[in-house]
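This structure is a prediction, so every number in the text was calculated from the model and none was measured.
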Amino acid sequence: MAGSALSAIAARTTLAAIALALLASPGLYALVRGAGHRTSAAEGMLLVAVILGLALLIWGELRLVPSRALNHFIAAAHDQATRFETALDNLTQGVCFFDGAQRLLMANRRYAEIYDLPADLVVPGTTLGAIITYRHQHGTSPGMAPGAYLAWRRRLSLTNQPSDTEVTTAAGRIITIHHRPTLDGGWVSTHEDVTERRRAQARIAHLACHDMLTGLPNGAQLRQHLNEVTTNAVAGRMSALLILDLDRFKSVNDSLGHLVGDALLRAVADRLRAAVREQDLVARLGGDEFAILQTDIDDEAKATALARRIIDIIAAPFDLAGQQLSIGTSIGIVLCPRHGTRPEEVLSNAGMALYDVKTQDRGRFQLFCPAMEERLHLRRSIEADLATALVARQFVLFFQPVVSAATGNVITFEALVRWQHPEHGLIPPDMFIPVAEATGVIVPLGEWILYAACAEAARWPSPIRVAVNLSAVQVANGQLVEVVSGALRATGLAPHRLELEITETMVLADTEAVHLTLAALRELGVHISLDDFGTGYSSLSYLRKLPFDRIKIDRSFIRDLGEERESTAIVGAIVGLARTLGLTVTAEGVETEDQSRILTELGCTDMQGYHFGRPEPNPQPARPRQIFVSAA
């Protein structure tokens, strides 16, 4: 019995606390005002009277309850309400309740923060129209007039169905709204500002299909566009894919550092963007490789014209932080759908066209043709067979003479390696040397070339020298000085009869290791020449710092002698520079009597080329050579 009495007292006390809390709450005020708009003011007052009577009745029942117990229950109810309010105000979403007359019943703090609402607009009884008008004036409403917004909200209420909406405010904020109707025609909605989340998602999506360094589309986006192009090909129209590889970029990156290299890649990207139409796509595939997808063209002439323009654009010097850099580009071209109907097929064929350019003569463009597949098959065969070719003694040396311009006598033979492949026959060095360098085979191969060349030269009459080309990989290996000295000891060749040729690309590194290696070789007594002078980064600083004995002028300048004044002027300037520095000069690629005559008149000391002899496996040092000898 005692327990039942206590339970009854607790129940009555709880009801009293609820009634008192209801009377004291802002919600009752809103409820009465909302009811007043649905019915009459008298009915609203009657509702207050009923609730008040209920509270008095319960209070009468509680007169016998000790005041301490009553205070306890009232305090507990107040604490519960406070906790609820605190939880609501700390939600990350804005929450609001509206009645059927579009009047606010309750809103939390986050709702006011999202829309930057003043405190007097988030009190119970405020109309939705007042809130929307304020938001429209302050740029926190969607891009529609207040009337249109209210009409849209009214239509949502009439459907009596939940809805989820995402809106963008005039200030650019993105808000998601989850609307849930209530039985009286009102609604409860949550509002969340997802602007930063959407921006982060957009950044992630952008990074997934763009190159971080240049901002260009990446290979994934290129494949997507290729898929669209090949799928939606229109009769009579075509697209072209141009794959670009930068010539001499690695030298810049290695010698000047990655920061300069990255700046150069960004500058190249800017030039490519400016060179194409808005509808075309420029992409970076990685490293120094780029692609251009030229869409909706009517013939291949459009693609080749773009390729020529790109070559000229990239060849123009780049000014990076006051430093002038010159590079070039090689381009492979594929026409869709002529050369492929699937993205991977198109990319593969474009890669073959580019490879074909790079293995022959850089700085050009090449359209794909089926014969390239045969050459690629040969390349793969070379890669597979190269490792065992040296052990199988398949390499042979050919020798090309260098003659004196003054006497016509042979003064040097340049050793040129050939690969006598059992299946493919005699393979020239430009077909396998790049592979040997990439795989590291060039180190033992270079050692064999050096020993074999020195052994052959030891049988020639003095003072005829032998010239051997060095790879950058050999110089970087760290054992070159020991290898050279060992070859001289083993063959008995005098050091002054050995000439080692290095390229400008190699000295561009300008590292202490290169300086020390060349200095040590010079101390052995061997001669050092700078090959292909004028093709890359010719600089007086190299000639001043490094111990060169000879400059070899690249054949590209000799080819146009007598036809272009510029070539003659350049060759004359190089000869004059060499004379001033006390260096001898060899002109490579001399093929005609006219070229020989002009070079002699310019003061060139030595010449090399088909006019004097092709590379042969059995050199004849005493055989006379054809040469123009000046009457002077």
Side-chain angles (χ1 to χ4, degrees), residues 21-38 41 44 47-48 78-158 162-182 184-199:
L22 184 59
L23 284 170
S25 70
L28 176 61
Y29 170 73
L31 183 62
V32 172
R33 290 192 62 178
H37 283 270
R38 288 195 304 271
L47 180 60
V48 175
H78 181 268
D79 289 345
Q80 198 71 11
T82 301
R83 292 191 190 99
F84 173 74
E85 183 179 358
T86 300
L88 203 61
D89 277 339
N90 283 279
L91 290 175
T92 57
Q93 296 86 15
V95 181
C96 61
F97 294 76
F98 283 87
D99 63 18
Q102 296 191 346
R103 288 185 176 274
L104 184 67
L105 296 176
M106 187 278 297
N108 69 347
R109 182 185 304 152
R110 182 59 183 149
Y111 176 78
E113 291 173 351
I114 288 175
Y115 298 113
D116 198 20
L117 299 174
D120 60 353
L121 270 184
V122 286
V123 297
T126 304
T127 64
L128 179 62
I131 294 174
I132 294 303
T133 299
Y134 179 89
R135 286 175 51 191
H136 182 75
Q137 293 171 348
H138 293 80
T140 60
S141 66
M144 61 177 74
Y149 185 92
L150 293 172
W152 167 68
R153 175 56 65 186
R154 204 174 294 116
R155 286 193 301 271
L156 282 180
S157 298
L158 292 174
S163 67
D164 299 311
T165 310
E166 185 169 284
V167 299
T168 302
T169 70
R173 308 302 295 178
I174 303 171
I175 312 296
T176 58
I177 303 173
H178 302 284
H179 170 273
R180 298 297 180 266
T182 57
D184 65 348
W187 68 88
V188 179
S189 60
T190 59
H191 302 244
E192 184 175 7
D193 187 338
V194 295
T195 307
E196 296 307 320
R197 186 189 308 169
R198 292 288 182 269
R199 288 175 181 171

Margin query: Quick check for you: to the nearest 0.5 Å, what is the distance between H178 atom NE2 and S163 atom OG?
Written below: 10.0 Å
Next item on the list: Check L91 against R110 and note the closest heavy-atom contact, atom names and distance.
Entry: O-CB, 3.6 Å
Margin query: Please give me the minimum heavy-atom distance between A130 and T126, naming the atom from each residue.
Written below: CB-CG2, 4.2 Å
Check: Could you state the interatomic distance from OG1 (T176) to CZ (R197), rounded to the nearest 0.5 Å?
Finding: 6.5 Å
Next item on the list: Would you name the heavy atoms of L104 and C96 that are closest together and state the gap between them?
Entry: CD1-CB, 4.1 Å
Notebook entry, point to check: Quick one: are the ring centres of Y149 and H136 less than 6.0 Å apart?
Noted result: no
Checklist line | Closest contact, heavy atoms only, R135 versus L117 | finding: CG-CD2, 3.8 Å
Checklist line | Closest heavy-atom pair and its distance - I174, T195 | finding: N-OG1, 2.8 Å
Notebook entry, point to check: Out of curiosity, D184 CG to F98 CZ, how far, rounded to the nearest 0.5 Å?
Noted result: 13.0 Å
Item checked: Steps toward side-chain contact (heavy atoms from CB on, under 4.5 Å) verdict (L128, R153) -> CA-CA 10 Å; L128 179 62; R153 175 56 65 186; 3.6 Å; yes
Next item on the list: Determine the minimum heavy-atom distance between T140 and T169, stating which atoms define it.
Entry: O-CG2, 3.5 Å
Check: Atom OG1 of T133 and atom CG of L150: how far apart are they, to the nearest 0.5 Å?
Finding: 7.0 Å
Next item on the list: Specify whether Y111 and Y115 have parallel, tilted or perpendicular ring planes, treating 30° as the upper limit for parallel and 60° as the lower limit for perpendicular.
Entry: perpendicular
Checklist line | Side chain proximity check, Y134 to P118, heavy atoms < 4.5 angstrom | finding: yes
Checklist line | Separation between CG of N108 and OG1 of T92, rounded to the nearest 0.5 Å | finding: 9.5 Å
Item checked: From H191 atom NE2 to H179 atom NE2, the distance as rounded to the nearest 0.5 Å -> 9.0 Å
Check: Can any side-chain N or O of R180 pair as donor or acceptor with the backbone N or O of P162 at less than 3.5 Å?
Finding: no
